[in-house]
Amino acid sequence: MVSDKNSVERIIKNPNLTQRIEPDWCDRPSIEVAPDLIGCTLLRQMPDGPLIRALIIETEAYAPGDPACHAYRGKSKRNAAMFGPPGHSYVYLIYGMYHCLNVVTEAEGIGSAVLIRALSLDSLPPQLTPEQAKKPHRVAAGPGKLCRALEIDRSLDGVLYHPANGLWLEHREHSVSEPDLVQTTRIGITKAAEQPWRWYLRDHPAVSKK
DNA sequence: ACAATGATAGTT
DNA sequence: ACTATCATTGTA
């Protein structure tokens, strides 16, 4: 079970068993990619040295024709990456102080993406605030918090998920059992709020909200 | 319940 | 130019 602590430790000890997620895998509807990304690994080569591996615990899908999707009203400077090729990032600033990280889905020209909402980190980034150090399992519990922890901002907008860019994805090493994958409604939106396009690992301590 | 904080989209 | 809104978070 992926949420089991021993499984996480096994993944950390066997990094050579993993396989990078490539753009073609992301070339399908965000509503399919979002649940499939649960249990996959996000890797971040921090600018100042350490490599951080993180299990994806929580995602949300944003689709074409979805009023809650940033791409709903067409292409703009901010959301251009959503219309770009799959397997790239879309990073935006929200509420003037937090960044959010997405995986772009579907072919170029189609505006859709998966928001990464929570991660379980294998190691803690340097320079934690006392607040963060107190609850290490919550350091990446939320889309704004995970970008702060991994030093992700708009300079990483529109880049290919690839080691060369210091940011990439790897496939699951362990399957996620059906009962552990919870599907529910998205958080923090007012439009299309009834769509059940959020997924998370049941009972995982890094889930942003119940 | 609400303030922090800035970019964006829609309206004068 | 002005204003409401926003895929959030921490504090009260």
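Letters A, B, ... mirror the listed sequences (proteins, then strands); counts begin at 1. Worth knowing before you read on, the calculation uses all heavy atoms, side chains too, and leaves out hydrogens, waters and symmetry mates.
Across the protein-nucleic acid pair, A:I116 atom CD1 and C:dT8 atom P stand 14 Å apart, rounded to whole Å. Distance, A:R138 CZ to C:dT9 P: 10 Å, rounded to whole Å. If you take OH of A:Y92 and C1' of C:dT5, they are 13 Å apart, rounded to a whole angstrom. A straight line from NZ of A:K135 to P of C:dT9 spans 14 Å, rounded to a whole angstrom. Distance CZ (A:R186) to P (C:dT8): 11 Å, rounded to an integer number of Å. Following rounding to the nearest Å, A:Y72 (OH) and C:dA7 (P) show an atom-to-atom distance of 14 Å. Atoms OH (A:Y62) and P (C:dA7) sit 7 Å apart, rounded to a whole Å.
For B:dC2 and C:dT5, the P atoms lie 16 Å apart once the distance is rounded to whole Å. Spacing between C:dA4 and B:dA3 at atom P, rounded to whole Å, works out to 15 Å.
Of the inter-residue distances, the one linking A:I52 atom CD1 with A:L119 atom CG reads 10.0 Å to the nearest 0.5 angstrom. Note that CH2 of A:W168 and OG1 of A:T41 are 11.0 Å apart. Values are rounded to the nearest 0.5 Å. For the atom pair CG of A:N79 and CZ of A:R73, the computed distance is 11.5 Å after rounding to the nearest 0.5 Å. We find the CD1-CG distance between A:I116 and A:L37 to be 5.5 Å, quoted to the nearest 0.5 Å. How far CZ of A:R172 is from CD1 of A:I38: 8.0 Å, rounded to the nearest 0.5 Å.
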Which parts of nucleotides 3-10 of chain B does protein reach within less than 4.0 Å, heavy atoms only, written one letter per nucleotide 5' to 3' as B for base, S for sugar-phosphate only and - for none? -BBBSSSS
Dot-bracket line, read 5' to 3' along DNA chain C, where crossing pairs take [ ] and | marks a partner on another strand, Watson-Crick or G-U under 3.5 Å: ||||||.||||.
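A:R198 and A:T184 form no side-chain donor-acceptor contact under 3.5 Å, judged by distance and modelled atom types alone.
Evaluated for a side-chain contact (heavy atoms from CB on, under 4.5 Å) with A:C147, the options A:D153, A:I94, A:L101, A:L93 yield exactly one hit, A:L101.
Residues satisfying the side-chain hydrogen bond (donor to acceptor under 3.5 Å, both in side chains) test with A:T105, not counting sequence neighbours, are A:S112.
For A:E131 and A:T190, each mapped to the nucleotide of DNA chain C holding its nearest heavy atom, the one lying further toward the 5' end belongs to A:T190.
Both the sub-6.0 Å distance and the 45° axial angle are not jointly satisfied by A:R20 relative to the ring of A:Y161.
Using a 4.0 Å cut-off, no side-chain N or O of A:R198 falls inside it from OP1 or OP2 of C:dA7.
Looking at heavy-atom distances under 4.0 Å, A:L115 makes contact with a base.
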